[in-house]
Amino acid sequence: MAEARLRPTRAEIDLEAWRHNVALLAEVSRPAALCAVIKADGYGHGAALVASAALDAGAAGLAVAVVDEGIALREAGVAGPILVLSEPPADAAEAAIEHHLTVALYSPAALDALDDAAARVGTGAIVHVKVDTGMHRVGLEPDAVAGFLDALATKPRLTLEGFWTHLAVADGQGTEDREFTAHQLDAFEGHLSALAARGFTPSVRHAANSAGAIAHPRSRYDLVRAGIALYGELPHPSMAAVFADASPGGQLRPVLSLRSEVVALRHLEAGARPSYGRLRPLPAAAGVATVPLGYADGVPRRLFEAGGEVLIGGRRRAIAGAVTMDQLVVDCGPDGDVAVGDEVVLIGRQGAEAISAAEWARLLGTISYEVLTGIGPRVPRVARGRPAVAAPAARTGWRQWLRAATGPSAAR
Ligand SMILES: *Cc1c(COP(=O)(O)O)cnc(C)c1O
């Protein structure tokens with residue numbers, strides 16, 4: 001990641017807001033424990049920046065998508081359980097074990113590969129078996145679960161700790177979506193009963209993403225896997241109602257702000273057409289500011305035509321032409337109230353105004369997840385607020401952490 005001081009463009013990561021959101025989701029989810037999902041470099045925030053702060057704010061552990069992300073966290077000194085949500089490819093199994101990653105499993109081939117790797121490394125591995133209850137992306141087919149667990153039981157190096165699934169429409173507020181989620185949870189609980197009848201009692205049962213944790217209490221089980229809410233964004237705009245009555249302390253707070261500054265300013269006549277393609281004439285004579293970030297940094301080229309704005313001097317200003325790879329131009333109007341060196345906020349708060357990732361998502365026809373993860377590696381991530389306290393000693397399983405995080409009631 002680039003050095004912060006060499007570029008005025010930066011993503012500021014507010015660790016106090018992050019801790020607030022982690023504590024809030026942990027509270028909402030209790031007695032279930034909280035797993036902070038920090039895949040995709042912490043949804044663009046910098047996984048290493050937020051990992052330990054999540055643990056000291058009350059998360060029982062972390063989740064990433066792939067083994068490499070888990071290794072990167074261990075190399076950054078992060079202790080505590082790390083669940084890898086995607087089953088490791090055969091040649092990643094050994095590294096997953098060596099780095100004490102908790103491994104998702106859902107295919108016989110990966111089961112065998114993990115067992116072979118455990119034999120080579122000479123230690124055990126802790127696994128969370130995933131079943132597909134309706135997301136239809138990855139996970140065991142319903143009729144394959146019993147056979148899979150029987151096979152797992154013949155491999156003493158592998159410990160079945162978790163059993164889990166993933167919800168497809170937990171963010172949907174409509175009847176059909178709510179029914180589908182209920183159907184997924186029914187199916188999940190059916191599997192749990194069938195497993196119990198065969199003597200399998202996984203201690204960490206989980207299904208909920210942020211939307212499940214917030215809107216479907218039944219989906220919380222032992223652990224919720226929350227991502228987007230911890231970054232201060234709702235899984236879906238319609239979920240704002242859930243937080244509408246909450247006190248300020250009960251509201252999610254945005255964690256990331258994307259900031260830069262004016263590096264050039266020119267005065268153009270009405271009708272001038274800044275940037276590539278000369279797409280739109282200025283409606284009036286204006287100061288036009290140049291800001292040093294572009295689509296290679298995660299500001300989509302389309303944001304101009306979609307009506308994107310930035311904040312300068314606490315006021316909203318329209319992007320004035322096509323966003324280029326490294327720069328964009330802003331219509332600062334006729335008032336002459338902008339100068340070179342002024343701060344520019346693309347996402348975040350400035351004075352009384354704020355622009356959220358959700359606002360970009362609405363304009364661009366996408367979701368805030370894609371906006372946040374789109375912020376490129378060239379943008380330095382700069383932490384604000386108290387850094388994380390020293391990480392506790394590494395432990396490999398989730399079970400003891402669940403007890404520590406939520407008390408004996410969670411250790412069912
Ligand atoms: C990304 C992911 C999550 C977190 O989802 P959010 O909607 O960001 O809370 C949880 N579980 C799985 C399997 C995921 O891939």
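Just so it is clear, the values below take in all heavy atoms, side chains as well, and ignore hydrogens, waters and symmetry mates. Atoms within each ligand, like the ligands themselves, are counted from 1 in listed order. A quick note: this is a predicted structure, and the numbers were derived from the prediction, not measured.
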Which donor-acceptor pairs under 3.5 Å do the side chains of residues 147-155 make with protein atoms, sequence neighbours left out?
| unit_1 | atom_1 | unit_2 | atom_2 | d |
| --- | --- | --- | --- | --- |
| Asp150 | OD1 | Arg198 | NH2 | 3.1 |
| Asp150 | OD2 | Arg198 | NH2 | 2.3 |
| Thr154 | OG1 | Ala151 | O | 2.6 |
| Lys155 | NZ | Asp112 | OD1 | 3.4 |

Starting at CZ of Arg225, measure out to CG of Leu34 and round the result to the nearest 0.5 Å.
-> 12.0 Å
Minimum heavy-atom distance between Arg317 and Ile312, given as atom pair plus value = NH2-O, 2.9 Å
Taking the side chain as every heavy atom from C-beta outward, state whether Tyr221 and Leu185 have any pair of such atoms under 4.5 Å apart.
-> yes
Walk me through it: do Asp297 and Arg7 pass the test salt bridge (Lys or Arg N to Asp or Glu O under 4.0 Å)?
-> CA-CA 12 Å; Asp297 299 303; Arg7 196 178 179 203; 2.9 Å; yes
Taking atom types as modelled, find out whether Ser107 and Glu87 have a side-chain donor-acceptor pair closer than 3.5 angstrom.
-> yes
Close-range residues for ligand 1, whose non-hydrogen atoms fall below the 4.0 Å threshold | Val37, Lys39, Tyr43, Leu85, Arg137, Trp164, His166, Asn209, Ser210, Arg225, Ala226, Gly227, Ile228, Tyr369
